[in-house]
Amino acid sequence: MKALLLSLLLLPLSALAQAPVIQISGANFRPLPLAVPAPLSVDEGGKKLANDFDEPFLFDLRASGLFQVLDRASFTADPKEGVTAGSINFSRWADVGAESIVKVQLGAEGGTLRGELRLFNVGTGREDFKASHAVPTSEPRQLAHFLADALYRHLTREPSPFLSRITFVRKAGSNRDIFVADWDGTNARALTSGGIHLLPALGPDGLVAYTSYRKGRPDLYAQRPGEEASALVQNGQMATGVAFSPDGKRIAYALSQGESTQLYVANADGSAPKRLTDTPFGINSSPSWSPDGKRIAFVSNRGGSPQIYVMNADGSNPRRLTFQGNYNQTPDWSPRGDLIAFTARDERNAFDLFSVEVETGKITRLTQDQGNNEEPVFSPNGRLILFTSTRDGTPRLYVMTKEGTNQLPLPMDKGGGLTPDWAP
Amino acid sequence: MALHPAVSQSMLVARPSRLGLFLGVSVGGHGLLLVFGLLYSHLTAGPRVDLNPPVIKATLVRQGKPRDPKLLPRKEQPPPPPKEVKAPPAPPAEAPKPVEKAAIPVPVAAPQPKPAPQKGEASGEDRRKRLFGAFDRTAKQAEPEELEGAEDGDPDGDSATAEGERYYALLSTQVRRNYDVAKSIPDAERLYLKAQVQMRLGRAGEVLETRLTSSSGNDLFDSAVLTAVKRASPFSPPPDHLRDALQKQGVVLEFRP
């Protein structure tokens with residue numbers, strides 16, 4: 001009866017309806033095919049710096065995982081083609097598979113290098129976005145990172161990792177020194193010189209905390225580039241593995257006493273320490289904060305083997321998160337909150353990277369069959385993971401998407417790097 | 001006071017009558033019924049039925065020992081066999097295909113094995129396989145069992161027989177296969193992106209016109225859906241009963257990520 005009534009009522013409506021509507025969903029999200037022709041120079045100065053600009057610019061776009069940067073050798077358009085929509089032959093770009101084009105124009109005047117970036121949509125033939133920036137001529141890389149960031153922000157509405165900083169340890173002889181560098185590992189500057197310094201953590205305001213053996217046993221220090229180090233935790237016990245809370249106001253670290261290692265939380269200057277874990281003989285280490293600062297992921301062997309655990313930041317409610325594998329360590333909580341990346345030794349005795357969903361405990365493998373891969377750390381926007389890999393012999397820093405795709409070595413010098421950390 | 005019979009029985013004289021009341025009650029009653037009906041159907045209406053049948057992702061698990069659940073997972077290796085396995089049986093299947101594609105449903109049992117063995121692959125092994133294929137399969141279990149379906153079925157399809165308007169399902173499958181969208185589109189935006197493309201099809205399935213009837217507000221998404229339609233075309237010829245409608249009004253494709 002109801003159906004009859006409805007159909008009688010709807011009959012006149014359906015007669016009016018025009019074309020049937022088919023719903024289509026389940027898009028395949030894939031990197032945007034992007035053509036990035038070599039930058040154009042408006043003067044001699046720009047021409048000289050074009051290469052120095054081009055290399056980091058291309059790396060940023062490639063490593064972001066969001067673009068499929070097309071091979072320049074395949075381009076059929078005139079290399080001297082202009083930078084306005086009217087002067088671009090869009091069909092030539094469509095032929096090589098480009099869906100968007102990024103054109104950059106460089107000019108150097110006095111001590112200033114000026115760059116202008118334009119983004120064109122090949123489908124609509126329109127200019128979608130324009131950005132410009134100027135830097136001293138000594139810093140073409142900064143210009144590249146800045147313009148790449150502007151493009152990234154325009155497309156994703158979120159900050160890119162290109163202007164962020166990383167810190168890592170570099171091995172030289174028997175020394176282990178802390179370095180701070182641009183996100184791509186270049187422009188690296190030593191924070192310490194000589195001695196053994198390990199496990200650096202980068203705070204949101206540029207402060208670096210690390211473990212140092214300068215007094216013979218591990219203590220925690222904090223230091224800003226160009227300044228002296230100050231002691232954070234120095235109380236006669238072995239302190240390691242410091243991590244800043246997301247707001248930078250607190251630190252978490254591990255203290256060893258006899259046969260047990262326990263986690264502590266203190267203010268960022270090391271004051272008012274509070275013990276979080278209490279397992280008589282076990283090891284609790286490698287703290288990593290959740291993005292809201294309310295929870296901490298860590299490694300504990302209380303269940304027999306090292307596994308990833310999660311607890312509230314006051315130490316309550318600890319919960320085991322990983323139940324696969326028998327050697328899981330170095331957790332890093334994604335700034336997006338949903339994932340924790342970690343290192344694990346698999347049944348073939350290879351160290352590889354995995355991620356685990358915090359809510360479900362589902363583990364996904366990120367690296368496989370390429371040397372040992374360790375020490376994952378998320379980019380500040382949570383889209384990329386920086387890690388150490390021995391796939392090319394010596395341990396070096398690599399970056400990949402959080403899904404484990406697009407694994408690229410950082411274009412840094414041969415010194416390599418270990419135990420990286422990453423901050424805005 | 002009694003009226004004159006001629007007056008009291010005249011048709012010209014107004015007399016008290018119940019007709020007005022009857023009409024009023026009748027109209028009112030119908031109105032009430034209608035209101036009740038609408039209210040009832042409105043209140044008891046269940047969740048709206050999505051006419052697009054849900055897609056079930058099904059993959060055949062290859063034969064082997066199950067992995068110990070206590071071990072860490074391994075990445076799925078890109079499946080190497082399909083190309084090599086499918087290469088030999090391809091040539092005989094090729095011949096009848098074009099015909100089958102045009103005529104739509106009825107799964108035809110391919111009567112192919114008999115026609116003269118092609119010289120390139122006339123090895124005894126091949127011939128034996130073709131003749132005793134059925135026995136081999138039961139005996140060796142070498143290849144995973146095929147799912148029942150249709151020749152031009154969707155790998156993601158969840159039904160062995162077509163349901164609903166088959167031609168529209170075909171259209172949407174073909175478009176979805178080319179539905180590539182830039183990863184750079186922000187997650188938050190993906191939740192509400194929606195674009196509609198109206199397309200008209202000719203008798204042979206060729207696209208006569210595509211028009212973005214409703215933009216998503218995101219240029220990249222809009223051009224991605226137009227590209228998807230363009231890459232998916234031409235479609236197979238529409239069946240008789242849809243031909244005119246598809247040529248005149250066309251069909252609207254509503255895209256969401």
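Chain letters run A, B, ... following the sequence lines, proteins first, then strands; residues in each count from 1. All of these numbers come straight from a predicted model, not from anything done at the bench.
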Quick check on B/Val175 against chain A: is it the side chain, the backbone, both or neither that has a heavy atom closer than 4.5 Å?
side chain
Could you look at B/Arg190 and say if it's the side chain, the backbone, both or neither that has a heavy atom under 4.5 Å from chain A?
side chain
Looking only at heavy atoms and a cut-off of under 4.5 Å, which of [options] has the most pairs with chain B?
options	result
A/Arg348, A/Gln68, A/Glu158	A/Arg348
A/Arg383, A/Gln324, A/Arg126	A/Gln324
A/Thr364, A/Leu366, A/Thr124, A/Thr322	A/Leu366

Can you tell which part of [X] gets under 4.5 Å to a heavy atom of chain B, answering side chain, backbone, both or neither?
X	result
A/Arg345	backbone
A/Asp346	both
A/Phe323	backbone
A/Glu99	side chain
A/Thr367	backbone

So, does [X] use its side chain to make a donor-acceptor pair with the main chain of [Y] at under 3.5 Å?
X	Y	answer
B/Arg256	A/Ser25	no
B/Glu254	A/Ile22	no
B/Lys183	A/Leu32	no

Rounded at 0.5 Å granularity, tell me how far [atom1] in [X] sits from [atom2] in [Y].
X	Y	atom1	atom2	value
A/Glu347	B/Asp68	CD	CG	8.5 Å
B/Leu220	A/Asn121	CG	CG	6.0 Å
A/Phe129	B/Asp219	CZ	CG	14.0 Å
A/Ile24	B/Gln196	CD1	CD	11.0 Å
A/Asn28	B/Arg176	CG	CZ	11.5 Å
B/Ile185	A/Thr156	CD1	OG1	11.5 Å

For A/Gly325 and B/Leu72, the nearest pair of non-hydrogen atoms, with its separation, is CA-CG, 3.7 Å
Minimal heavy-atom distance between A/Gly123 and B/Ser223, with the atoms involved, is CA-CB, 4.5 Å
Around [X], counting heavy atoms of other residues, nucleotides and ligands shown, do more than 12 lie under 6.0 Å from its [atom1]?
X	atom1	answer
A/Phe90	CZ	yes
B/Arg203	CZ	no
B/His42	NE2	no

Can you confirm whether B/Asp187 sits close enough to A/Arg336 that some side-chain heavy atom of one is under 4.5 Å from a side-chain heavy atom of the other?
yes
Salt bridge between B/Arg74 and A/Asp352, side-chain N to carboxylate O under 4.0 Å?
no
Determine the option with the most heavy-atom pairs under 4.5 angstrom with chain A, choosing from B/Ala182, B/Pro257, B/Pro69, B/Pro73.
B/Pro73
Find the one option among B/Ala228, B/Ala245, B/Pro186 whose heavy-atom pairs under 4.5 Å with chain A are most numerous.
B/Pro186
